[in-house]
Amino acid sequence: MSKLSRLKKKTVDEIFSEVLRKKDMMFKIDINSWTAQGISVRKENIKDTLCLFLMPVDNFNGTYIYYIYDSDYSYPINRDEFDFAAYLAKETGMCVCLPMYPLAPEKRVGDVFNSLTAVYDHLLHKKNVTNIILAGTGVGAGLAMSLTLEAWKTGFRAPDKLILLSPELDAEFFDKKLENTLLSQYYGDGIYFSEAKKEYINKYWVGEYAARTEYTSPIYEDIRDLCKHLIIISGTEDIFNCYARELADKAENAGLDVSFFEFPRMHHKFFHDDLLDEAQHARKVIIDLITDSNERIINQYMYEVKERGEISKKYPEIFNDREATKYLVNNRISYEKYKKNSDYINLVKAATYKSFDDEVRKFILQYPNGTIVYLGCSLDTMFKRMDNGRVNWYNLDTPGMISIRRLYTRDGEREHTIVKSIDDMSWLDDIKCDIGFGLLFVCRNFFQYKNSKEVSSFIDKLYHRFQGAQIVFNAPNHMAMIANNRYSKRNDVDYKKYRLHIKDPVRDISLWNVAYEVINSSSVFNHINPSKKWRTSMRMKFRINSITESNKIIRLRMGAERYQVFRDGQLIKV
């Protein structure tokens with residue numbers, strides 16, 4: 001019998017006994033001895049609730065973080081949670097208030113909210129805190145969201161920000177689809193879900209508050225006026241990740257300012273493990289979002305904006321990105337993490353950007369009312385360069401990248417954002433268009449880490465869903481792929497091996513599917529004239545790579561097109 005099977009066979013009584021044993025052991029730990037460098041720890045009883053106040057010794061800025069730790073409904077605070085709260089205090093210069101709230105099975109959710117509300121009221125009206133951020137982890141994140149909803153309903157001042165880390169948002173599990181997701185998952189980090197655990201939570205936590213979702217399951221409440229800025233952090237291997245995604249989608253649809261960062265392969269509360277590179281990265285993101293400081297985020301993500309802006313200044317006759325150039329005028333972006341590219345590499349990038357713009361522009365001229373889907377849009381603002389006033393546009397990228405993108409640019413009219421990984425093919429359901437008006441998928445650099453078989457399989461899925469659509473992507477030949485790998489290995493901090501290479505697009509792509517028709521295949525240097533300002537060595541590289549078509553732009557049609565034809569004022573599909 002597997003470990004998961006054994007865990008799920010536990011009865012409610014066995015869970016109850018296990019909780020009491022574990023709590024008894026945890027309560028023997030003396031939290032009075034816990035300290036953190038640069039932080040003073042002060043204890044205060046507020047309406048029978050012990051609170052720990054973690055205050056920066058040197059740089060307190062007057063803001064409080066009301067932090068509700070993850071009790072898993074029943075357990076006292078552990079050292080990892082305390083250390084993480086101390087980290088927040090030290091890095092933000094804010095005072096962190098940690099309430100030791102009542103726990104199941106002795107207390108129910110009503111007792112918990114009496115305690116948490118009393119502490120919140122004390123901070124606002126006794127301590128006269130004017131700047132307050134509400135944060136929580138796991139079960140504490142669900143409580144933080146409920147407390148924010150309660151503050152809005154009862155007339156308390158809402159927090160300036162709401163930060164939900166690995167949130168558990170449904171103690172009653174109303175959504176059967178999400179519940180079935182929980183029942184089928186276990187990632188080996190000790191977190192699991194079972195019918196018996198659900199019954200334990202219902203009996204010893206929910207109690208008489210059943211169906212009062214503002215307390216037990218805040219994800220189902222009206223969140224349109226929740227807070228000014230909602231921040232959600234989750235890992236893809238967190239068992240409760242499905243709820244984080246659901247809330248992020250709901251917040252997006254409600255028009256909230258939401259930042260959702262989802263970290264691949266990360267488990268529940270991974271950000272407590274400061275030895276993990278991903279945890280250190282997540283912590284920097286959290287601190288930036290809390291403090292409204294872009295330094296860490298800019299150094300991590302905004303490099304491509306700096307790159308496009310500087311390419312625009314160096315090669316304006318080839319490519320011009322006004323949005324990136326304007327951003328650089330108003331923001332300083334460090335090169336600290338990256339080595340500066342050679343002039344030739346920048347020339348290749350400028351030519352590649354131009355080639356994509358040219359192919360998209362040709363498509364729009366042919367299909368002025370068409371739809372364009374930019375896969376892996378990152379921070380590129382191609383829509384603003386291409387918009388003809390009629391085209392329908394979709395940008396698609398991961399939650400974290402889209403959250404960063406919104407710090408840089410906002411959607412325009414007829415521009416839509418899909419917050420999903422490209423490999424999560426469910427995004428196909430989000431594309432709303434009539435293919436007869438034209439549909440183009442833009443894949444700049446997305447295929448470079450995939451082999452031909454993987455690319456063929458991906459395009460095949462598009463073909464079966466949108467037969468007659470077009471796709472444009474770039475690919476090197478074999479020698480250029482080897483050269484790219486050598487250069488990246490020497491210069492890129494986040495080196496990843498290039499795998500795709502195409503020598504003869506017409507021949508090679510016909511082996512993928514005979515229904516594919518190559519509309520255009522040419523060097524990215526096509527229609528670019530060498531400049532007299534270039535060094536001799538660069539002019540030679542340019543000529544050689546132009547002749548060998550070492551870096552190609554390829555646009556193909558996937559199957560037969562369907563056209564929109566009007567006869568006598570009637571729309572006829574052909």
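This one's a predicted model, so the numbers in the text were calculated from it and none came from an experiment. Numbering of residues begins at 1 and proceeds along the displayed sequence.
Nearest heavy-atom pair, Trp427 versus Ser421, reported as atom, atom and distance to 0.1 Å: CD1-O, 3.6 Å.
Between the side chains of Thr117 and Glu150, no donor-acceptor pair is found at a separation under 3.5 Å. Asn392 and His416 share a side-chain donor-acceptor pair at under 3.5 Å. No donor-acceptor contact under 3.5 angstrom links the side chains of Asn78 and Asp80, judged on distance only. In the model, Ser74 has no side-chain atom that pairs as donor or acceptor with a side-chain atom of Tyr204 under 3.5 Å. A side-chain donor from one of Asp424 and Ser426 sits under 3.5 Å from a side-chain acceptor of the other. Using a 3.5 Å distance cut-off with no hydrogens or angles, the side chains of Glu323 and Tyr408 do not pair a donor with an acceptor.
Ring orientation note: the planes of Tyr220 and Phe174 are nearly perpendicular, at an angle over 60° on the 30°/60° scale. Taking the six-membered ring where the residue is Trp, Phe193 and Phe173 present tilted rings, their angle falling between 30° and 60°. Using bins of under 30°, 30° to 60° and over 60° for the plane-to-plane angle, the ring pair Tyr209/Tyr215 lands in the perpendicular bin. Taking the six-membered ring where the residue is Trp, Phe53 and Tyr64 present perpendicular rings, their angle passing 60° and hence far from 30°.
Salt bridge Arg21/Glu18: absent, no basic N to carboxylate O contact under 4.0 Å. Between Lys126 and Glu44, none of the side-chain N atoms (NZ, or NE/NH1/NH2) sits under 4.0 Å from a carboxylate O, so this pair counts as no salt bridge. Under the 4.0 Å criterion applied to side-chain N and carboxylate O atoms, Glu208 and Arg108 are not assigned as salt-bridge partners. Taking a cutoff of 4.0 Å between a charged side-chain nitrogen and a carboxylate oxygen, Lys203 and Glu199 do not qualify as a salt bridge.
Here CG of Leu396 is found 8.5 Å from CG of Asp430. Values are rounded to the nearest 0.5 Å. If you take CD1 on Ile286 and OG1 on Thr92, they are separated by 11.5 Å, rounding to the nearest 0.5 Å. Atoms OH and CE, on Tyr75 and Met26 in that order, are 8.0 Å from each other to the nearest 0.5 Å. Distance check: Ser166 OG to Asp238 CG gives 4.5 Å after rounding to the nearest 0.5 Å. To the nearest 0.5 Å, the span separating CD1 on Ile418 from CG on Leu428 amounts to 8.5 Å. From Arg157, atom CZ reaches atom CG of Leu123 across 10.0 Å, with rounding to the nearest 0.5 Å.
Contact of the Pro105 side chain with the Phe16 side chain is registered, since non-hydrogen atoms from C-beta on lie closer than 4.5 Å.
When the shell of 6.0 Å around NZ of Lys47 is examined, it contains 12 or fewer heavy atoms from other residues, nucleotides or ligands. Within a 6.0 Å sphere centred on CG of Asp24, other residues, nucleotides and ligands contribute more than 12 heavy atoms. Within 6.0 Å of atom CZ in Arg406, more than 12 heavy atoms from other residues, nucleotides or ligands are found, so the atom counts as buried in its surroundings. No more than 12 heavy atoms of other residues, nucleotides or ligands lie within 6.0 Å of NZ in Lys107, so this atom counts as exposed by the packing criterion.
With hydrogens and angles disregarded, no donor-acceptor distance shorter than 3.5 Å links the side chain of Asn395 to the backbone of Tyr374. Although no hydrogens or angles enter the test, the distance criterion places no donor-acceptor pair under 3.5 Å between the side chain of Asp397 and the main chain of Ile402. Of the possible polar contacts, one joining the Asp160 side chain to the Ile132 backbone as a donor-acceptor pair under 3.5 Å is found. In this structure a side-chain-to-backbone donor-acceptor pair under 3.5 Å is missing from Glu221 to Pro218. Proximity of a side-chain donor or acceptor of Asn241 to a complementary backbone N or O of Glu237 within less than 3.5 Å is not detected. A donor-acceptor distance shorter than 3.5 angstrom exists from the side chain of Glu81 to the backbone of Asp70, with no hydrogens or angles considered.
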- Task: With ring pair (Phe, Tyr, Trp, His ring centres under 6.0 Å) as the test, would you mind laying out the steps for Phe84 and Phe271 before giving the verdict?
- Result: CA-CA 8 Å; Phe84 180 69; Phe271 38 83; 5.3 Å; yes
- Message: With side-chain hydrogen bond (donor to acceptor under 3.5 Å, both in side chains) as the criterion, how do Tyr301 and Arg405 come out once you've worked through the C-alpha distance, each side chain's angles and the decisive distance to 0.1 Å?
- Response: CA-CA 9 Å; Tyr301 291 100; Arg405 181 182 175 85; over 6 Å; no
- Message: Quick one, Thr409 with Lys384, criterion side-chain hydrogen bond (donor to acceptor under 3.5 Å, both in side chains). Give me CA distance, side-chain angles, the key distance, then yes/no.
- Response: CA-CA 10 Å; Thr409 185; Lys384 290 180 171 61; 3.1 Å; yes
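You'll find the ring centres of Tyr69 and Tyr101 inside the 6.0 Å limit.
For the side-chain contact (heavy atoms from CB on, under 4.5 Å) with Trp393, the qualifying choice from Glu415, Arg414, Glu413 is Glu415, the only one to do so.
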